[in-house]
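Here is the structure we will look at, set down as structure tokens.
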Amino acid sequence: MPPAETELCRLQYWLQHRIVGDAAPGWDALADHGPVLRGSTAFPTRERLAVYARSYTLRLIECLCEEFPVLRLLVGDQVFELFAGAYIGAQPPRSFSLYGLGAGFADFLAATRPAAAGPASLEAIPASLARLERAMAEAQRAAGTETLPGADLPIATLLQLSSDLRLRLPGSTRLLQAEF
């Protein structure tokens with residue numbers, strides 16, 4: 001790889017990790033003295049990069065808002081954004097796909113909720129609702145029965161065709177147990 005490409009790769013890698021909040025120690029020197037990233041007295045390099053980092057986090061919160069609309073409606077925008085921001089800070093995404101972003105949100109809410117006053121306390125509602133909304137998202141992406149042979153036939157007809165018919169749940173089925 002030519003030296004210019006190596007330098008570009010190093011800069012891109014550094015910038016990605018700086019924006020997502022896990023820059024390696026000692027890389028601040030690149031932001032302060034690098035030939036590509038220049039700040040000014042009015043708007044230093046660190047502040048310029050912080051704009052991108054904040055925008056990245058806000059976009060992730062926006063994605064969680066789309067996946068959990070009922071929870072957001074229940075708790076309100078401000079509380080939901082606090083939940084989502086804390087979740088992203090504790091468990092930043094590690095995948096190239098945003099689909100996995102909300103996978104641990106319900107568990108995070110359950111683990112960080114206030115101590116319950118009883119077995120069916122109100123504090124259990126956000127995590128239970130997030131679990132339901134995530135299950136709905138997973139079920140929508142999973143393969144259903146639509147591509148199986150005979151999927152368009154009534155069950156009575158299928159039973160008449162074969163005496164050893166085996167029924168099974170499709171991949172889109174989710175079984176939940178809610179605390180509330």
Side-chain angles (χ1 to χ4, degrees), residues 1-115 123-143 171-172 174 176:
M1 183 180 303
E5 288 182 27
T6 304
E7 181 62 24
L8 178 60
C9 289
R10 191 169 79 91
L11 180 61
Q12 287 173 332
Y13 181 78
W14 175 85
L15 185 60
Q16 174 191 356
H17 287 274
R18 185 71 180 165
I19 288 172
V20 300
D22 58 357
W27 283 6
D28 284 338
L30 183 60
D32 294 333
H33 306 293
V36 178
L37 303 171
R38 293 194 181 148
S40 66
T41 307
F43 202 32
T45 304
R46 290 176 199 269
E47 289 181 29
R48 288 174 185 249
L49 289 172
V51 168
Y52 289 102
R54 282 191 300 272
S55 296
Y56 173 74
T57 302
L58 290 173
R59 179 66 184 122
L60 294 177
I61 290 171
E62 216 174 88
C63 291
L64 289 173
C65 287
E66 292 297 318
E67 186 172 346
F68 301 97
V70 178
L71 175 59
R72 181 177 170 210
L73 186 63
L74 175 73
V75 299
D77 290 341
Q78 186 176 13
V79 171
F80 185 86
E81 288 172 13
L82 288 171
F83 285 167
Y87 169 66
I88 292 165
Q91 298 177 24
R94 297 288 179 218
S95 172
F96 65 92
S97 169
L98 287 174
Y99 174 68
L101 177 63
F105 193 44
D107 291 337
F108 173 80
L109 292 175
T112 58
R113 76 177 192 212
E123 292 84 5
I125 293 175
S128 295
L129 190 51
R131 205 170 309 287
L132 173 64
E133 288 190 286
R134 180 61 188 189
M136 290 170 58
E138 290 172 357
Q140 287 175 344
R141 284 181 62 116
S172 59
R174 298 292 184 269
L176 299 174

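Note that CZ of R59 is 10.0 Å distant from SG of C65, once rounded to the nearest 0.5 Å. Between R54 atom CZ and L49 atom CG the span is 10.5 Å, to the nearest 0.5 Å. Atom CG in L73 sits 11.0 Å away from atom CZ in F80 (nearest 0.5 Å). In this structure, the separation between CG on L71 and CG on L109 is 6.5 Å, given to the nearest 0.5 Å.
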Pairs of donor and acceptor atoms involving the side chains of residues 95-105, under 3.5 Å and at least two apart or interchain, shall be tabulated with distances.
from, atom 1, to, atom 2, distance (Å)
S95, OG, S97, N, 3.0
S97, OG, Y99, N, 3.1

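Considering only residues two or more places apart in sequence or on other chains, R141 meets the salt bridge (charged side-chain N to carboxylate O under 4.0 Å, His left out) condition with none of them. Considering only residues two or more places apart in sequence or on other chains, L74 meets the side-chain contact (heavy atoms from CB on, under 4.5 Å) condition with I125, L129. Listed by chain and residue number, A127, R131 satisfy the side-chain contact (heavy atoms from CB on, under 4.5 Å) test with A110 (two or more places apart in sequence, or in another chain). For R174, the side-chain contact (heavy atoms from CB on, under 4.5 Å) criterion is met by A135, E138, A139, A142, not counting sequence neighbours. Partners of E67 according to the salt bridge (charged side-chain N to carboxylate O under 4.0 Å, His left out) rule, which considers only residues two or more places apart in sequence or in another chain, are R134.
Environment of CD in E66: sparse, with no more than 12 heavy atoms of neighbouring residues, nucleotides or ligands closer than 6.0 Å.
For residues 73-83, the side-chain hydrogen bond (donor to acceptor under 3.5 Å, both in side chains) pairs, not counting sequence neighbours, are R72-D77. For residues 82-93, the set of pairs meeting the side-chain hydrogen bond (donor to acceptor under 3.5 Å, both in side chains) definition, not counting sequence neighbours, is empty.
Heavy atoms only, all atoms of each residue included: F83 and P126 are closest at CE1-CB, 4.2 Å.
Side chains of Y56 and P93 form a contact here, defined as non-hydrogen atoms less than 4.5 Å apart. A heavy-atom distance below 4.5 Å is found between the side chains of V51 and F43.
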Let me see the working for L64 and I88 under side-chain contact (heavy atoms from CB on, under 4.5 Å), right down to the final yes or no. CA-CA 10 Å; L64 289 173; I88 292 165; 4.0 Å; yes

